[in-house]
Amino acid sequence: MPESVRVRFAPSPTGHLHIGGARTAIYNWAFARRHGGAFVLRIDDTDPERSTEENTRAILSALRWLGIDWDEGPEADGAYGPYFQTQRRASYDAALARLKESGAIYPCFCTPETLAAKRETSRQAGGFSGYDRTCLGLDGATVAARLASREPHAWRLRVPDDHGDIVFVDAVRGETTFGIDAMDDFVVARSDGSPTYNFATVIDDVEMAITHVIRGDDHLSNTPRQILVFEALDATVPVFAHLSMIWGPDGKRLSKRHGATSVEAYRELGYLPEALVNYLALLGWSLDDKTTVIDRATLTGSFSLERVSRNPAVFDAEKLEWLNGVYLRELPAEEFVDRMVPWLVDAGLLSADEVAAMRFWLVELAPLVSERVKRLDELASKVAFFFADTVAIEESARAKVLETEGVREALDAVAEVLDALPDFSPAAIEQALRAVPETTGLKPKIVFQAVRVAVSGSTVSPPLFESLALLGKERSLDRIRAAVSSLAQ
RNA sequence: GGCCCGUUGGUCUAGCGGUGAGGACGCCGCCCUCUCAAGGCGGAAAUCACGGGUUCGAAUCCCGUACGGGCUACCA
């Protein structure tokens, strides 16, 4: 690429960061990183009704959590600011003045009511339903007089009469053509002087020297209009790349009724940001014909618009879960502990100031559970028995496992054997426990399950011998003996 | 209505004129195994939306049709 790449992500702070928006951000970011360019974050906060500072903060924090860093934008400065549209009004006004000067735009005094009525009738008749250029036909004196009388008016971009069809090469869709006949003189400035979206966006992209506009499919039809603005401004038209939508399982646009849709919600559900980024990157882009697990470095090193898919993608929560499990398993124990601790603290299993002292123990615990969860939020219930003083034994587990002929005696024997162990290591425990069945006549599995239930309260737990070792001799024995006495008649 | 865009197993995708249409999730089975996972092996699952062309040859190129989506605002 000749000039240095500059891309932007321009969310509207009318809500939290949506999964679809996150994917757009990821693609922009990865593209910028890949080409050594700049990733600009711009806040499209021109809708005063719905935009809030709180949403802006939430979006920034979601992006940070994902690890999507921006080179310019809020809290990052940059030479092309300000990065909030509400602070860029002077730019829009200046551009408007320039276009008035050049005659590229003209005032329109038509009222919204008459426009709506005309639109309705022409649509009924079929065919073109754009503006009929009533106000373009006004003579100079009339316009001057009506302007002078401060009659309310919007400003419209005049589509040049000699303009051919609008053709551009979309980086993901290829050549796309819009017939010029279907283009009407659209409004660039409202009667209150404020710029419309299609105008403001272009001014911003021009002034921020954006080279590639990577955005959602829903803007594809806006592109010819925006190209007209670039041309009126005599600015270089950037490369456009339109991403298809993300759908829910029913083929409809992803929305709340499909479940979690915000990045924040996935964080709260116990997903790892690297897994979410990987999953989203793959939702419409592929590295090759076989790679599914793609780390950040690979993504930023190999992302390309050519490999972005053109069709809409259904969001598959199950695949995301699987991928999250993959990342969880790959985490080194130390790292896993760092991610796990907040969840355990939140669940009240330990307090923040106990963590340092327990670190070594937690690092031992990590591998026992890391390959048994797909989300961080499953952790607390799986390890709770390690932290409790006593365990509540599940009724079904008691009935199915403990109340079996010979189990009481076996547990007695287990307690005795374990008590005699000088070394309470997993290996020693295993050796000792395997010797018990021989004396009781019960199958090893039966005995192991009985110990598992006595100690963890459930028929499902992390590996038994390691768990006993981690729990410690004393607490293990207490629980086994408690189970025995609860069985005594 | 008009204008654009899209269509490969249930899902995400590879493919870019000649393939047994490959991979991943999910599903099923077997193995491993102290439970659960993880892992290993194997399997079912795609008339490449449909119909016409072009070509010796089409999932791949062209044209229609159907279905889905977007835009068509003084919303973004």
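Lettering follows sequence order; numbering is per chain, from 1.
- Nucleotide B:U11 is matched to B:A24 when pairs are restricted to Watson-Crick or G-U wobble geometry with both distances under 3.5 angstrom.
- The partner of B:C16 cannot be assigned: no Watson-Crick or G-U wobble pair with both contacts below 3.5 Å exists in any strand.
- Among the protein residues, A:P249 comes within range of no part of the nucleic acid, since none of its heavy atoms lies under 4.0 Å from any strand.
- In the interface, the side chain of A:T196 is not paired with the base of B:C74 through any donor and acceptor atom under 3.5 Å apart.
- Classification of the A:H153-A:F109 ring pair by plane angle, with boundaries at 30° and 60°, yields tilted.
- As the counterpart of B:G39, B:C31 is assigned, both hydrogen-bonding distances of the Watson-Crick or G-U wobble pattern falling under 3.5 Å.
- We find that A:R375 and A:E321 are joined by a salt bridge, their nearest charged nitrogen and carboxylate oxygen being less than 4.0 Å apart.
- Donor-acceptor pairing under 3.5 Å is lacking for the side chains of A:Y197 and A:N222.
- Considering every non-hydrogen atom in both A:L362 and A:V337, the closest pair reads O-CG2, 3.5 Å.
- Atom C1' of nucleotide B:U11 and atom CD of A:E321 are separated by 15 Å, given to the nearest angstrom.
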What does the list of N/O pairs under 3.5 Å between the protein and nucleotides 21-25 of chain B look like, with a distance for each?
from	atom 1	to	atom 2	distance (Å)
B:G22	N2	A:D289	O	3.0
B:G23	O2'	A:K290	O	3.3
B:A24	O4'	A:T292	OG1	3.4
B:A24	N3	A:K319	NZ	3.0
B:C25	O2'	A:K319	N	3.4

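- For the C1' atom pair drawn from B:A45 and B:C25, the interatomic distance equals 13 Å after rounding to whole Å.
- In the set B:C34, B:A76, B:A14, B:A76 carries the atom at the smallest distance from any side-chain atom of A:D47.
- Comparing B:U47 with B:U11, their P atoms are spaced 12 Å from each other, to the whole Å.
- Taking atom P in both B:A14 and B:A49, one finds a spacing of 14 Å when rounded to whole Å.
- Straight-line distance from the CG atom of A:L464 to the P atom of B:U33: 17 Å, rounded to whole Å.
- As judged by a 4.0 angstrom heavy-atom cut-off over every strand, A:F465 is placed among the base-contacting residues.
- Judged by distance alone, the side chain of A:Q87 and the main-chain N or O of A:Y83 form no donor-acceptor pair under 3.5 Å.
- Using C1' as the reference atom, B:U19 and B:C48 are 13 Å apart when rounded to the nearest Å.
- Rounded to a whole angstrom, the distance from the P atom of B:A59 to that of B:G51 is 12 Å.
- Using a 4.0 Å heavy-atom criterion, one finds that A:G284 contacts the sugar-phosphate atoms exclusively.
- A donor-acceptor pair is defined here as one N or O able to donate and one able to accept, closer than 3.5 Å; no such pair exists between the side chain of A:T114 and the backbone of A:C110.
- With A:H242 as reference, A:R215 is the one residue of A:R310, A:R215, A:H219 to meet the side-chain hydrogen bond (donor to acceptor under 3.5 Å, both in side chains) rule.
- Atom C1' of nucleotide B:A38 and atom CG of A:N324 are separated by 15 Å, given to the nearest angstrom.
- Remark: A:R475 pairs with no residue by the salt bridge (Lys or Arg N to Asp or Glu O under 4.0 Å) rule, at least two apart or across chains.
- Within the 4.0 angstrom heavy-atom criterion, base atoms lie near A:S191.
- By the 30° and 60° cut-offs, the orientation of the rings of A:Y27 relative to A:F303 is tilted.
- Looking at A:S122, its side chain does come within 3.5 Å of a backbone N or O of A:R119 through a donor-acceptor pair.
- For A:A410 against A:T440, the heavy-atom pair with the smallest separation is CA-CG2, 3.8 Å.
- Using a 4.0 Å cut-off between a side-chain N of Lys or Arg and a carboxylate O of Asp or Glu, A:E335 and A:R339 qualify as a salt bridge.
- Distance check on atom P: B:A24 versus B:G43 gives 12 Å, rounded to whole Å.
- Checked against B:C74, B:C34, B:G6, the side chain of A:Q449 finds its nearest nucleotide in B:C34.
- There is no side-chain donor-acceptor pair under 3.5 Å between A:Y271 and A:D377.
- Side-chain to base pairing of A:R173 with B:C5: no donor and acceptor N or O lie closer than 3.5 Å to each other.
- Along RNA chain B, the nucleotide nearest A:T176 and the nucleotide nearest A:P195 are compared for position; the residue whose nucleotide lies closer to the 5' end is A:T176.
- Comparing B:A46 with B:C62, their P atoms sit 28 Å apart, to the nearest whole Å.
- One C1' atom belongs to B:C63, the other to B:G69, and the distance between them is 22 Å to the nearest Å.
- Between A:T177 and A:V373, it is A:T177 whose nearest contact on RNA chain B lies nearer the 5' terminus.
- Rounded to an integer number of Å, the gap from CG of A:L96 to P of B:C74 is 15 Å.
- Here A:N311 reaches the OP1 or OP2 of B:U8: one of its side-chain N or O atoms lies under 4.0 Å away.
- With a 3.5 Å ceiling on both atom-pair distances, B:A58 lacks any Watson-Crick or G-U wobble partner.
- Sorted by residue number, the list of members of residues 392-406 of chain A with any non-hydrogen atom under 4.0 Å from RNA chain B is empty.
- Which of B:U35, B:C75, B:C74 sits closest to the side chain of A:K445 comes down to B:U35.
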B/S/- along nucleotides 68-73 of chain B (protein heavy atoms under 4.0 Å) is SSBSBS
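- Among all heavy-atom pairs drawn from A:S12 and A:D44, the shortest one is OG-O, 2.9 Å.
- Using a 4.0 Å cut-off between charged nitrogen and carboxylate oxygen, A:D217 and A:R173 count as a salt-bridge pair.
- Between A:I227 atom CD1 and B:C4 atom C1' there is a gap of 13 Å when expressed in whole angstrom units.
- Between A:F315 atom CZ and B:G10 atom C1' the separation is 17 Å, expressed in whole Å.
- Rounded to a whole Å, the CD1 atom of A:I246 is 14 Å from the C1' atom of B:U11.
- The side chain of A:K382 contributes no N or O atom lying less than 4.0 Å from OP1 or OP2 of B:C36.
- Contacts of A:T223 with the nucleic acid, taken as non-hydrogen atoms under 4.0 Å apart, are absent.
- Residue pairs meeting the ring-ring contact (aromatic ring centres under 6.0 Å, His included) criterion with at least one member in residues 392-414 of chain A: none, sequence neighbours excluded.
- Minimum heavy-atom separation, A:A22 to A:V263: CB-CG2, 3.6 Å.
- Across all strands shown, B:C74 forms no Watson-Crick or G-U wobble pair with both key distances under 3.5 Å.
- Under 4.0 angstrom from either OP1 or OP2 of B:A76 there lies at least one side-chain N or O belonging to A:R190.
- Among the heavy atoms of the strands, none lies under 4.0 Å from A:E113.
- Protein atom CD of A:E120 is 13 Å distant from nucleotide atom C1' of B:G2, rounded to whole Å.
- A:S194 and A:R190 share a side-chain donor-acceptor pair at under 3.5 Å.
- Nucleotide B:U65 has B:A49 as its partner under the Watson-Crick or G-U criteria, with both atom distances under 3.5 Å.
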Contact list (N/O, under 3.5 angstrom) for nucleotides 62-65 of chain B vs protein:
none

